Amino acid sequence: MQSSEIETKAAFDHIRYAQLWEDADVLTEGLGDCSHGTLVSICSAGDNALAMLTLDPKRVVVVDLSPAQIACLRLRMGAYRNLDHAEFLELTGSRPSARRADLLLKALDEVDNETREFWIALSGDVKKHGAGGVGKFERYFRIFRTRLLPLAHSRKTIDDIFISRPPAERKEFFEKRFNTLRWRLLLGVFFSRFVMGRMGRDKAFFEHVVGSPAQHVARRIRHAGVDCDPADNPYLHWIMKGTHGAALPMPWRAEHYETIKSRLDRIEIRPGSLEAFVSTGEQANGFNLSDIFEYMSPDVFAKVYETIVDASAPKARLVYWNMMAPRRVPDGMKGRITTLSDVENRLKAQDKAFFYSDFVVEEVIA
Ligand SMILES: C[S@@+](CC[C@H](N)C(=O)[O-])C[C@H]1O[C@@H](n2cnc3c(N)ncnc32)[C@H](O)[C@@H]1O
């Protein structure tokens with residue numbers, strides 16, 4: 001089996017992302033028409049692989065190097081099967097709940113023993129934070145929200161972020177009430193490479209990153225607060241308030257619940273690397289590649305990219321994000337790829353997960 005460069009560098013023994021911090025609305029639009037096709041998705045917490053079921057594919061092959069991340073998907077599948085939508089949102093942490101331990105057991109009813117034991121060991125944390133709040137990344141946000149955010153903003157200011165306003169008023173709110181000197185200082189400390197590396201992301205993930213994370217986050221927060229309406233942004237809401245408000249990530253919305261539930265049997269879980277999938281000789285019609293290219297050196301990226309294109313059917317789309325390290329079709333592959341700039345630009349302007357500096361939609365030439 002093919003191994004992956006990052007496999008040997010970072011420790012994958014716990015949940016890193018307990019929910020998906022990539023916007024499923026832009027992902028599913030970026031993938032285009034995939035009905036009856038084979039899709040491949042990086043698992044992470046599983047939400048976007050599930051969102052891809054709304055595209056009516058024949059199957060979604062889900063890969064991940066981390067067994068803990070695969071366990072997140074298995075829990076969600078049990079939850080869609082055994083919980084109603086309101087219960088699902090309580091279990092994930094989108095909504096407050098006094099019965100998460102019971103909902104967890106109900107969701108785990110038919111899952112394999114390993115997954116059940118994994119989650120039962122986390123039951124205390126799930127009770128407190130919801131199943132979508134127990135990852136290392138969410139813990140990092142929690143520390144930010146509970147210990148640092150109160151140093152910069154009052155509860156009232158934080159609540160006021162989520163009042164829907166026209167663009168000119170958003171700009172005024174952002175400049176006058178939100179982007180204060182204190183806030184900017186806080187961002188500088190919290191998003192320093194040192195703190196992020198220790199608390200949120202493994203140091204190995206910074207090896208190829210260019211620029212300061214804090215400057216980058218400041219630009220993206222402006223995008224989330226001014227260019228887009230924060231009232232529609234579930235990611236921002238969770239970071240600032242620890243739950244979701246009226247807005248939810250796409251696969252958690254009521255309107256998609258039954259569709260996803262009825263297509264769970266189209267999910268095919270393959271623990272292991274994406275590189276392992278592409279070496280099987282199977283072909284896919286679309287790929288959700290998360291931001292995995294950023295975890296690879298440019299040379300490894302170019303090699304892996306080529307193998308993905310080799311494993312693509314004509315017109316297959318490769319959809320992925322960059323956080324801080326630039327990754328786009330490598331020079332040597334430009335003859336086989338069309339960059340869908342119009343689609344990218346339209347979706348980038350709507351991307352609610354504001355961490356990322358770039359969103360890429362590339363199509364394999366037929
Ligand atoms: C790249 S991380 C990014 C997570 C993300 N930004 C989010 O919001 O969830 C997503 C997942 O990719 C997995 N991963 C990284 N490189 C991989 C590879 N080459 N093959 C399979 N999975 C990979 C990690 O284990 C992790 O669970």
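Counting starts at 1 for both ligands and their atoms, in listed order. Being a predicted model, the structure only gives us computed values, none of them experimental. What's counted below: heavy atoms across the whole structure, side chains too, no hydrogens, waters or symmetry copies.
Taking the ring centre of F277 as origin, the terminal cationic atom of R270 falls outside the region bounded by 6.0 Å and 45° from the ring axis.
With 3.5 Å as the limit, one finds a donor-acceptor pair spanning the side chains of E22 and S290. A side-chain donor from one of Y320 and E362 sits under 3.5 Å from a side-chain acceptor of the other. Donor-acceptor pairing under 3.5 Å is recorded for the side chains of N288 and S41.
A heavy-atom separation below 4.0 Å is not found between A45 and ligand 1. Distances shorter than 4.0 angstrom occur between a heavy atom of G272 and an atom of ligand 1. Contact analysis puts E275 in contact with ligand 1, with a non-hydrogen atom separation below 4.0 angstrom. Under the 4.0 angstrom criterion for non-hydrogen atoms, F137 is not in contact with ligand 1.
If you number the atoms of ligand 1 from 1 as listed, the ones under 4.0 Å from a heavy atom of S273 come out as 20 (N), 21 (C). Shown in contact with L20 at under 4.0 Å from a heavy atom are these atoms of ligand 1, numbered in order with element: 7 (C), 8 (O), 9 (O). Near Q69, meaning under 4.0 Å from any of its heavy atoms, are these atoms of ligand 1: 27 (O).
Around atom 15 (C) of ligand 1, the closest heavy atom drawn from V300, I292, L289, V304 belongs to I292. For the residues D64, L65, L274, I42, the heavy atom positioned nearest atom 24 (C) of ligand 1 is part of D64. Between R16, E22, Q19, it is E22 that holds the heavy atom closest to atom 5 (C) of ligand 1.
The proximity of Y17 to ligand 1, defined as any non-hydrogen pair under 4.0 Å, is limited to the side chain. Under 4.0 angstrom from ligand 1, the non-hydrogen atoms of Y295 all belong to its side chain.
Open room surrounds CZ on R182; 12 or fewer heavy atoms of other groups in view lie less than 6.0 Å from it. Within 6.0 Å of CD in E114 there are 12 or fewer heavy atoms belonging to other residues, nucleotides or ligands.
In the hydrophobic clustering (ILVMFWY side chains linked at under 4.5 Å, chained through shared members), L185 is joined by L181.
Taking distance alone, with nitrogen or oxygen atoms compared against 3.5 Å, S44 approaches ligand 1 more closely than that limit. Here's the thing with Y356: one of its N/O atoms is less than 3.5 angstrom from an N/O atom of ligand 1.
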Sequence neighbours left out, cut at 3.5 Å: what donor-acceptor pairs do the side chains of residues 93-100 make with other protein atoms?
unit_1	atom_1	unit_2	atom_2	d
S94	OG	T92	OG1	3.4
S94	OG	H244	ND1	2.7
R95	NH1	H244	O	3.0
R95	NH1	G245	O	3.0
R95	NH2	G245	O	3.1
S97	OG	E90	OE1	2.6
S97	OG	R99	N	3.1
R99	NE	E90	OE1	2.9
R99	NH2	E90	OE2	2.7
R100	NE	E90	O	2.6
R100	NH1	K127	O	2.9
R100	NH2	R95	O	3.0

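Under a hydrophobic-cluster definition in which Ile, Leu, Val, Met, Phe, Trp and Tyr are linked whenever side-chain heavy atoms come within less than 4.5 Å, directly or via other members, L274 and M296 are assigned to the same cluster.
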